[in-house]
Amino acid sequence: MTWAPITVDATHFYLQFFWWIIVAVLGGLFLFMTFVQGGQTLFHVAQNEVEERGILNSLGRKWELTFTTLVLFGGALYAAFPLFYAVSFGGAYWVWMLILFAFVLQAVSYEYINRKGNLIGSGAYKGFLYFNGAVGMILIGAAVGTFFTGSNFTYDPATKILEWGVASDGFNLRGLEAAIDFGHGAWFNLAMGILVFAVARILGALWLINDLNDDDFADVIARLRAVVKRCFIVLLVALVVVLFGLITLKGYAYDIHDPKGAVSLVAGKYLQNLLAFGAIQLIIFLIGVVLFVLGVFQSGFGNSKKGIWAAGLGTVLIGIIVFTLAGLNGTAFYPSYADLQSSLTIQNSSGSRYTLMVMAWVSVAVPFVLGYIAYVWYQMKKQGPITKEEILTDDHAY
């Protein structure tokens with residue numbers, strides 16, 4: 001992409017660009033924090049109650065930070081681009097409601113799983129946590145997949161009328177068709193969902209390897225390393241499918257100098273985006289992949305406990321690039337395959353210049369929120385790895 005003079009309101013455009021970068025960074029951070037969700041699918045590696053509670057307590061101390069990151073990401077996305085909120089929740093509400101329901105189940109489960117007088121048993125709450133970690137992650141990945149394949153809606157900005165399921169072909173399921181309508185990219189959406197799930201599961205295993213005491217949980221750690229190896233194979237298969245899609249899918253392009261102009265399908269658009277801005281995105285993406293693989297080999301195939309940090313940073317970088325590919329360089333980030341001209345871009349779905357300007361000043365608080373997360377994290381980690389003694393004697397343990 002060459003930086004030609006902006007003929008639209010330059011200040012407004014750069015604010016829109018700025019806020020999409022903020023959303024991308026927060027999305028990458030949230031993707032890293034899904035190690036909690038991935039870890040919730042790993043209770044099967046425990047062979048007794050103490051080992052199970054070790055996993056539960058390691059994850060239980062971080063789930064609220066994941067929630068904070070999710071709220072920060074969602075708040076920035078919907079405040080900066082409110083039309084996306086209106087269209088996606090107004091049409092694809094079953095997907096978003098299931099995702100929200102999965103996170104509500106998570107919060108309830110940590111509160112009641114080992115509480116005395118639990119009427120439905122701890123097994124039910126473990127099932128809820130698994131639902132959050134498996135179904136929740138796959139649905140989030142599939143939802144992100146629609147940023148590239150498109151959704152089934154039409155929207156008229158003049159009348160503010162939204163219609164969903166126009167090109168349904170029998171698949172008018174209010175967003176859930178993204179996972180079953182293979183004629184409109186469901187294969188890519190599912191691959192993205194499986195990829196996100198595999199990443200979360202690998203990060204969860206790497207986190208537990210790092211956070212559990214070697215002497216007390218040696219057998220659990222050994223089983224977790226085996227999980228990393230198996231999930232890495234699944235990840236590679238899903239990644240090949242996703243990369244194939246990004247290279248071959250037609251992208252929804254528009255002219256940033258004429259944001260009200262026509263949206264058109266352009267072959268190789270996402271590959272063009274990857275090479276735009278002096279190939280900076282490609283470089284960041286490759287660095288992220290190398291770091292992620294390094295972390296996997298450190299703790300999954302090797303004996304190090306520090307793989308989570310390299311893999312985590314790599315995940316953040318990859319997540320950032322996924323969002324920039326979807327929304328920058330004249331690309332509709334929430335496209336419509338039912339009506340190309342209804343597609344949402346960072347320019348036609350954003351708040352006003354005044355709103356984004358005020359929010360830009362408010363965004364000064366974002367580093368403080370992230371600093372709070374880092375501080376709380378540090379305070380928790382400096383207590384050392386999770387031990388059996390701590391689980392059995394601490395009244396506040398899960």
Side-chain angles (χ1 to χ4, degrees), residues 23-43 55-56 58-77 95-96 98-107 109-110 128-145 147 189-211 224 227-228 231-232 234-235 238-239 242 288-289 291-292 295-296 299-300 307-323 370 373-374 376-377 380:
V23 166
V25 171
L26 293 174
L29 289 171
F30 171 70
L31 185 59
F32 164 57
M33 292 299 296
T34 60
F35 73 81
V36 174
Q37 277 66 38
Q40 289 167 183
T41 67
L42 298 174
F43 286 112
I55 294 173
L56 183 66
S58 178
L59 301 173
R61 297 177 181 182
K62 296 295 184 292
W63 77 268
E64 290 174 313
L65 299 182
T66 304
F67 229 88
T68 302
T69 309
L70 174 61
V71 170
L72 195 60
F73 166 70
L77 179 61
V95 170
W96 297 115
L98 279 174
I99 291 172
L100 291 173
F101 180 65
F103 278 88
V104 170
L105 287 179
Q106 180 198 41
S109 297
Y110 279 109
F128 294 159
L129 291 175
Y130 192 94
F131 181 86
N132 174 247
V135 178
M137 291 301 97
I138 291 174
L139 286 177
I140 286 176
V144 172
F147 283 19
N189 300 336
L190 284 175
M192 184 70 82
I194 293 171
L195 180 62
V196 169
F197 172 59
V199 168
R201 211 159 190 256
I202 288 173
L203 291 176
L206 294 178
W207 169 257
L208 292 170
I209 290 171
N210 174 266
D211 202 42
L224 288 168
V227 168
V228 172
C231 287
F232 190 59
V234 176
L235 180 146
L239 180 62
V242 169
V289 170
L291 286 172
F292 185 87
V296 167
S299 294
I308 181 62
W309 307 121
L313 178 57
T315 300
V316 173
L317 296 178
I318 293 170
I320 291 172
I321 297 306
V322 168
F323 279 95
L370 296 179
I373 294 174
V376 173
W377 188 301
M380 292 179 177

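Every value quoted in this text rests on a predicted model; they were computed, and no experiment measured them.
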Just by modelled atom types, is the Q37 backbone N or O under 3.5 Å from a matching donor or acceptor in the T41 side chain? no
If I take atom CH2 from residue W207 and atom CG from residue L42, how far apart are they, to the nearest 0.5 angstrom? 14.0 Å
Nearest 0.5 Å please: distance from the CG atom of L224 over to the SG atom of C231. 10.5 Å
List in chain and number order the residues that pass side chain to side chain contact (heavy atoms under 4.5 Å, CB included) with F101, two or more places apart in sequence or in another chain; answer none if no residue qualifies. L105, F131
Say whether, by atom type as modelled, one donor and one acceptor occur between the side chain of T34 and the main chain of L31 under 3.5 angstrom. yes
For the pair T315 (side chain) and F32 (backbone), establish whether a donor and an acceptor sit closer than 3.5 Å, ignoring hydrogens and angles. no
Minimal non-hydrogen separation, A238 against I194, with atom names: CB-CG2, 4.2 Å
Measure the shortest side-chain to side-chain distance between V135 and L98 over non-hydrogen atoms and say whether it is less than 4.5 angstrom. no
Is there a side-chain contact (heavy atoms from CB on, under 4.5 Å) between F43 and L56? Walk through the geometry before answering. CA-CA 8 Å; F43 286 112; L56 183 66; 3.9 Å; yes
Over all heavy atoms of both residues, which pair between G27 and F323 is shortest? Give the atoms and the distance, please. CA-CE1, 4.0 Å
Would L29 and V25 count as a side-chain contact (heavy atoms from CB on, under 4.5 Å) here? Give the steps. CA-CA 6 Å; L29 289 171; V25 171; 4.3 Å; yes
Go through V228 and V296 one step at a time and tell me if the side-chain contact (heavy atoms from CB on, under 4.5 Å) criterion holds. CA-CA 7 Å; V228 172; V296 167; 3.8 Å; yes
For Y110 and L59 the tightest heavy-atom approach is OH-CB, 3.4 Å
Using the six-membered ring wherever Trp is involved, compare the ring planes of W63 and F67 and label them parallel, tilted or perpendicular (cut-offs 30° and 60°). perpendicular
Between atom CG of L313 and atom CD1 of I318, what is the distance when rounded to the nearest 0.5 Å? 10.0 Å
Report the C-alpha separation of R201 and V234 in whole Å, then their side-chain angles, then the decisive distance to 0.1 Å, and conclude whether the side-chain contact (heavy atoms from CB on, under 4.5 Å) test is met. CA-CA 11 Å; R201 211 159 190 256; V234 176; over 6 Å; no
The reported gap from CG in L208 to CG in L203 (rounded to nearest 0.5 angstrom) is 11.0 Å
Looking only at heavy atoms, what is the nearest atom pair of K62 and V36, with distance? CB-CG2, 3.8 Å
To check you understand the geometry: which heavy-atom pair defines the closest contact between Q40 and N132, and what is its length? NE2-OD1, 2.9 Å
Parallel under 30°, tilted from 30 to 60°, perpendicular over 60°: which one fits the rings of F103 and F30? tilted
Shortest non-hydrogen contact from G295 to L206? O-CD2, 4.0 Å
From CG (L139) to CG (L100), nearest 0.5 Å: 11.0 Å
Spatial distance of atom CG (L239) from atom CE (M192) [nearest 0.5 Å]: 9.5 Å
